[in-house]
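A quick note: this is a predicted structure, and the numbers were derived from the prediction, not measured. Here is how names work: the chains are called A, B, and so on, in the same order as the sequence lines, proteins then strands, and each is numbered from 1.
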2 protein chains.
Amino acid sequence: MYVVHETCTLYGCQVTGDRLTKATVAECALRLADAEGVEAVTIRRLAKEQGVTPMALYWHFKNKDELLLGIVDHALATVRADPAAGDPWQKRLRTVFEAVVAVMREHPSLPTLLHAVDKTQTESFSRATNDTLALLSDAGFTVEEGYWIATHLLNAAMGLVAGEPGWCPPGMASEDAAEWRRQKRLRMSLLPADRFPMMIEYAASVGDVPDVDRYYAFCVDLIIAGVEAMAASR
Amino acid sequence: MYVVHETCTLYGCQVTGDRLTKATVAECALRLADAEGVEAVTIRRLAKEQGVTPMALYWHFKNKDELLLGIVDHALATVRADPAAGDPWQKRLRTVFEAVVAVMREHPSLPTLLHAVDKTQTESFSRATNDTLALLSDAGFTVEEGYWIATHLLNAAMGLVAGEPGWCPPGMASEDAAEWRRQKRLRMSLLPADRFPMMIEYAASVGDVPDVDRYYAFCVDLIIAGVEAMAASR
DNA sequence: ACCTGAACACCGTTCAAGT
DNA sequence: ACCTGAACACCGTTCAAGT
């Protein structure tokens with residue numbers, strides 16, 4: 001089931017007439033990923049967007065993995081959560097966590113991209129983890145525990161955004177999106193009622209427009225609460 | 001950088017001489033994914049393993065997405081956590097969560113597979129979510145909150161196993177694995193000391209053989225603690 | 001019902017060559 | 001230094017045909 005790409009949606013990166021740079025390619029790729037999904041980011045497609053031959057990209061990136069790494073680093077570089085140093089660690093942790101969630105909400109392809117690369121190779125990951133580690137050290141955790149927690153928090157943020165209620169495939173028109181959600185809810189309510197009563201009850205409880213704010217508020221609390229509880233228990 | 005596959009490691013699924021079935025294909029694919037990574041699971045490779053033409057698989061699965069769905073459902077079907085109904089919800093939640101973590105540890109490709117498919121289409125997901133929802137209802141959560149929590153727990157389990165300390169690429173010999181970990185730790189300790197002091201401290205604190213049991217014990221507590229804290233706060 | 005053969009539109013990547 | 005052209009080994013998938 002292939003879609004033959006005759007037309008080529010341009011993400012406004014080649015109009016500058018400039019030569020390619022790591023930054024412009026990463027920016028273009030990020031837009032493409034957000035708009036059409038990470039699977040749309042291929043070397044060949046990206047080259048087409050930039051008005052260039054596929055092999056041109058190999059001058060700037062060693063291979064596709066490096067390209068993806070470049071996108072992640074580019075996107076994460078914008079995260080700047082400098083909480084007031086005087087605040088208690090709980091508040092600072094929440095601030096940095098919310099900042100990470102915020103970038104991912106701006107760039108919905110980020111969770112998938114982060115799964116596809118070895119994040120430890122990016123500078124932004126090192127920075128964020130280092131800062132979080134310092135913070136968690138104030139909370140009384142060992143570095144090892146802190147690293148486990150920091151990893152868990154990043155992963156939780158990724159899952160949080162990827163699992164946002166009402167999510168639908170990238171590049172879908174908003175009318176179609178509503179219908180898509182309706183279909184999904186309907187399919188769930190068609191499950192065998194004797195074996196999946198709670199699923200059906202859930203499907204019935206879901207409104208037409210999901211309450212995204214309540215979702216994030218609740219889940220952020222849930223995730224932070226775990227860390228606070230662990231800190232309290234030592 | 002392609003590896004030309006001249007030899008073909010067989011995963012012992014075609015020796016039966018039987019015809020293909022969904023179950024045997026899924027089983028073979030799961031073994032392959034666990035041994036060589038999810039990216040090794042291609043229609044063509046799988047066909048070769050089964051001693052059959054690629055198109056033969058299309059009789060049993062509509063397309064690759066359905067095949068991946070089949071693998072996930074096959075793997076998750078083995079999860080059977082029937083906790084004593086009399087136990088408090090905290091204990092039952094922990095039991096089911098640990099059961100999910102256990103299957104993923106047995107099948108390290110599962111987290112990646114679960115990311116690649118729409119889990120809501122599998123029966124095993126519906127069953128697990130339904131049971132967890134009932135449990136969380138006992139804890140005083142609404143169905144909506146319960147669904148958010150259940151989703152978060154599944155995601156956390158995936159991240160937990162995928163982020164296991166000492167993890168290394170599938171199919172790596174254990175001597176190479178030790179060297180691989182050493183290299184990783186070394187790279188981290190080579191970060192600029194002024195900007196990433198905590199990362200360096202962490203790298204120094206990591207032993208040669210990671211304490212996997214402590215990792216899982218701590219992280220399971222961390223994740224469960226979040227749910228308990230939220231339940232207590234209403 | 002179950003599987004094969006040949007073909008098509010994609011992929012990432014290498015290597016030699018152009019400016 | 002930066003990019004192109006042609007080629008190679010892969011991919012998923014369709015469609016007609018075989019038993």
Side-chain angles (χ1 to χ4, degrees), chain A residues 1-9 13-26 28-29 32-33 36-71 112-113 116-118 169 171, chain B residues 1-9 13-26 28-29 32-33 36-71 112-113 116-118 169 171:
Chain A
M1 191 129 58
Y2 272 100
V3 179
V4 181
H5 295 106
E6 294 167 2
T7 63
C8 172
T9 320
C13 303
Q14 88 301 8
V15 291
T16 63
D18 284 350
R19 286 215 247 71
L20 295 184
T21 64
K22 268 181 193 264
T24 57
V25 174
C28 178
L32 179 56
E36 303 185 20
V38 176
E39 69 282 359
V41 179
T42 68
I43 299 274
R44 296 173 118 102
R45 173 72 190 277
L46 214 48
K48 197 174 271 178
E49 296 288 342
Q50 308 260 36
V52 103
T53 290
M55 307 79 201
L57 298 181
Y58 282 90
W59 182 260
H60 304 274
F61 299 92
K62 181 160 133 276
N63 52 33
K64 190 170 177 183
D65 274 351
E66 268 219 347
L67 169 65
L68 294 178
L69 229 30
I71 309 174
T112 308
L113 281 168
V117 302
D118 177 11
Chain B
M1 190 129 60
Y2 270 100
V3 179
V4 181
H5 294 106
E6 295 167 1
T7 63
C8 169
T9 320
C13 303
Q14 90 300 5
V15 291
T16 64
D18 283 350
R19 286 213 244 70
L20 295 183
T21 64
K22 271 185 192 258
T24 58
V25 175
C28 178
L32 179 58
E36 302 185 20
V38 176
E39 69 282 359
V41 179
T42 67
I43 299 273
R44 296 171 117 102
R45 172 71 191 276
L46 214 48
K48 198 175 271 179
E49 296 287 342
Q50 308 260 33
V52 105
T53 291
M55 307 78 201
L57 297 181
Y58 282 91
W59 181 260
H60 303 276
F61 299 92
K62 180 159 134 276
N63 52 34
K64 189 170 180 184
D65 274 351
E66 268 220 347
L67 170 64
L68 295 177
L69 229 30
I71 309 175
T112 309
L113 281 168
V117 301
D118 177 11

Take the protein atom [atom1] of [X] and the nucleotide atom [atom2] of [N], then report the distance between them rounded to whole Å.
X      : N       : atom1 : atom2 : answer
F61(A) : dT13(C) : CZ    : C1'   : 16 Å
K64(B) : dG12(D) : NZ    : P     : 4 Å
I43(B) : dC10(D) : CD1   : C1'   : 14 Å
R45(B) : dG12(D) : CZ    : C1'   : 17 Å
L67(B) : dG12(D) : CG    : P     : 9 Å
K48(B) : dT4(C)  : NZ    : P     : 14 Å
E39(A) : dG12(D) : CD    : P     : 15 Å
M55(A) : dG18(C) : CE    : P     : 16 Å

Would you mind telling me which of [options] lies closest to the side-chain atoms of [X]?
X      : options                  : result
T53(A) : dA1(D), dG12(D), dT4(D)  : dT4(D)
R19(A) : dC3(D), dG12(C), dA6(C)  : dC3(D)
W59(B) : dC2(C), dT13(C), dG12(D) : dC2(C)
Y58(B) : dG12(C), dT4(D), dT14(D) : dT14(D)
V52(A) : dC11(C), dC3(D), dT13(D) : dC3(D)
L20(B) : dC3(C), dG12(D), dG5(D)  : dC3(C)

Verify, without hydrogens or angle tests, whether [X] (side chain) and [Y] (backbone) share a donor-acceptor contact under 3.5 angstrom.
X      : Y      : value
T53(A) : A56(A) : no
N63(B) : E66(B) : yes
T42(A) : R45(A) : yes

With heavy-atom distances below 4.5 Å as the criterion, would you say the side chains of [X] and [Y] are in contact?
X       : Y      : value
V41(A)  : I71(A) : yes
L20(A)  : Q50(A) : yes
V117(A) : D65(A) : no

Exercise. Counting just side-chain N and O atoms, does H60(A) come under 4.0 Å of either OP1 or OP2 of dA1(D)?
Worked result: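 Checking dA1(D) against H60(A), no side-chain N or O comes under 4.0 Å of OP1 or OP2.
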Only Watson-Crick and G-U wobble pairs, only distances under 3.5 Å, only runs of 3 or more: what stems does that leave for DNA chain C?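 DNA chain C stems, ordered by first number: C:4-8 with D:12-16, C:12-16 with D:4-8.
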side-chain contact (heavy atoms from CB on, under 4.5 Å) evaluation trace for L46(A) with I43(A):
CA-CA 5 Å; L46(A) 214 48; I43(A) 299 274; 5.9 Å; no
